[in-house]
Amino acid sequence: MSTKGMRLQAALLGLGALTYTAWLLEVVFSTGLDPVQTYVSELAAEDQPLGGLFRATDFTAGLLVFAGALLALVRQARRDPRRWALAGWAGLTLFGAATAADAWLPLSCAPTADPVCAARETAGLVPATHQAHAISSSLAMAGALAGVVALTVAARRYGWWPPLARTGPALVVLELAATVWTLGAVAAFTAGRGTWALGAGQRLQVLFVALWLLTLAWSTARERRA
């Protein structure tokens with residue numbers, strides 16, 4: 001890939017990372033949702049006043065990351081098909097595609113904030129998009145975790161992307177810790193035992209992914225490998 005192509009790839013990833021943090025707008029705008037207790041995706045629910053805005057930013061972020069990761073995956077496969085790098089770029093491609101899909105599969109209401117919505121969800125009386133959204137969100141995070149871990153390993157094992165090689169391991173540990181917190185909180189909420197600060201854990205989870213993506217974008221923009 002030419003220098004111009006590498007810069008485009010880095011720009012797409014960087015812009016995708018920034019757009020992926022659009023949920024931080026809840027600090028500025030009143031959403032009516034408690035960020036400590038609610039899912040991030042509930043900001044984009046169909047019954048939320050700013051749902052359209054957050055669905056648009058989710059879709060944009062997903063497309064940007066998908067495009068940047070796909071460019072990198074094709075380049076990697078052609079020039080230097082090492083398994084950790086290929087697995088990582090494939091994971092990020094999945095993450096981007098599933099994140100974009102999330103925007104088209106919104107929740108109809110906010111179950112952690114609305115007991116009626118939660119009851120309807122438990123009874124199976126919500127639209128099928130709730131289940132579809134759960135699947136696409138799970139795929140997105142699985143892809144993100146695969147990308148975060150595999151490309152960090154690639155950076156250190158192959159001597160690539162020095163900024164990522166230095167800071168990636170710490171971000172991996174933080175991301176895994178936030179993921180364990182989120183999964184535990186989701187299990188507690190599903191079992192009717194409260195939210196366990198689900199929103200805080202999930203917001204940290206997506207924030208660490210965004211910070212890692214920014215680090216990756218910066219690293220690839222500075223890439224000087226042959």
Side-chain angles (χ1 to χ4, degrees), residues 16-66 94-145 174-210:
L18 291 173
T19 309
Y20 193 57
T21 62
W23 54 271
L24 288 170
L25 290 172
E26 68 183 341
V27 176
V28 179
F29 300 112
S30 177
T31 65
L33 297 176
D34 182 354
V36 175
Q37 307 297 340
T38 58
Y39 288 109
V40 176
S41 57
E42 288 176 295
L43 292 167
E46 291 181 320
D47 69 343
Q48 295 303 305
L50 297 176
L53 170 64
F54 290 113
R55 288 194 295 275
T57 55
D58 276 352
F59 182 65
T60 302
L63 281 186
L64 288 167
V65 174
F66 173 78
L94 172 62
F95 164 69
T99 298
D102 267 352
W104 294 95
L105 301 168
L107 300 174
S108 63
C109 52
T112 63
D114 181 355
V116 174
C117 176
R120 290 178 60 232
E121 190 173 65
T122 300
L125 300 177
V126 291
T129 52
H130 278 243
Q131 184 61 36
H133 183 89
I135 294 171
S136 61
S137 293
S138 297
L139 288 174
M141 194 46 59
L145 289 172
L174 291 170
E175 175 61 25
L176 292 176
T179 298
V180 170
W181 177 359
T182 301
L183 291 175
V186 170
F189 177 68
T190 303
R193 298 178 180 175
T195 62
W196 290 18
L198 187 159
Q202 192 184 45
R203 281 161 175 77
L204 286 175
Q205 185 185 39
V206 298
L207 179 61
F208 291 141
V209 169

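Worth knowing before you read on, the calculation uses all heavy atoms, side chains too, and leaves out hydrogens, waters and symmetry mates.
- T99 places no side-chain N or O within 3.5 Å of a backbone atom of A140 that could act as its donor or acceptor partner.
- Atom CG of L183 is separated from atom CD of Q205 by 7.0 Å, given to the nearest 0.5 angstrom.
- Atom CE of M141 and atom OG1 of T179 lie 6.0 Å apart (nearest 0.5 Å).
- Interatomic distance, CG of L107 versus CG of D102, reported as 9.0 Å (0.5 Å rounding).
- Counting heavy atoms of neighbouring residues, nucleotides and ligands inside a 6.0 Å radius, atom CD of Q131 does not exceed 12 of them.
- Atoms OG and NE2, from S108 and H133 in turn, are 11.0 Å apart once rounded to the nearest 0.5 Å.
- A45 and R55 get closest at one heavy-atom pair: O-NH1, 3.5 Å.
- Remark: L145 CG to F95 CZ distance equals 10.0 Å, nearest 0.5 Å.
- Atom OG1 of T38 is separated from atom CG of L43 by 6.0 Å, given to the nearest 0.5 angstrom.
- Applying the salt bridge (Lys or Arg N to Asp or Glu O under 4.0 Å) rule to pairs touching residues 17-38 yields E26-R203, sequence neighbours excluded.
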Please list every donor-acceptor pair under 3.5 Å in which a side-chain atom of residues 57-65 meets a protein atom from a residue at least two apart or in another chain.
unit_1 : atom_1 : unit_2 : atom_2 : d
T57    : OG1    : L53    : O      : 3.4
T57    : OG1    : F54    : O      : 3.0
T60    : OG1    : A56    : O      : 2.9

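- Among all heavy-atom pairs drawn from A17 and A210, the shortest one is CB-O, 3.6 Å.
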Return a table of donor-acceptor pairs under 3.5 angstrom between the side chains of residues 185-195 and protein atoms on other chains or two or more places apart.
unit_1 : atom_1 : unit_2 : atom_2 : d
T190   : OG1    : V186   : O      : 2.8
T195   : OG1    : Q37    : OE1    : 2.1

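- The closest side-chain heavy-atom distance from P111 to R120 is not below 4.5 Å.
- Nearest heavy-atom pair, G143 versus L94, reported as atom, atom and distance to 0.1 Å: CA-CD2, 4.0 Å.
- When atom types are taken as modelled, the side chain of T21 and the backbone of L18 share a donor-acceptor pair closer than 3.5 angstrom.
- Q202 places a side-chain N or O within 3.5 Å of a backbone atom of V40 that can act as its donor or acceptor partner.
- Closest of all the heavy-atom pairs between A113 and L33 is CB-CD2, 3.7 Å.
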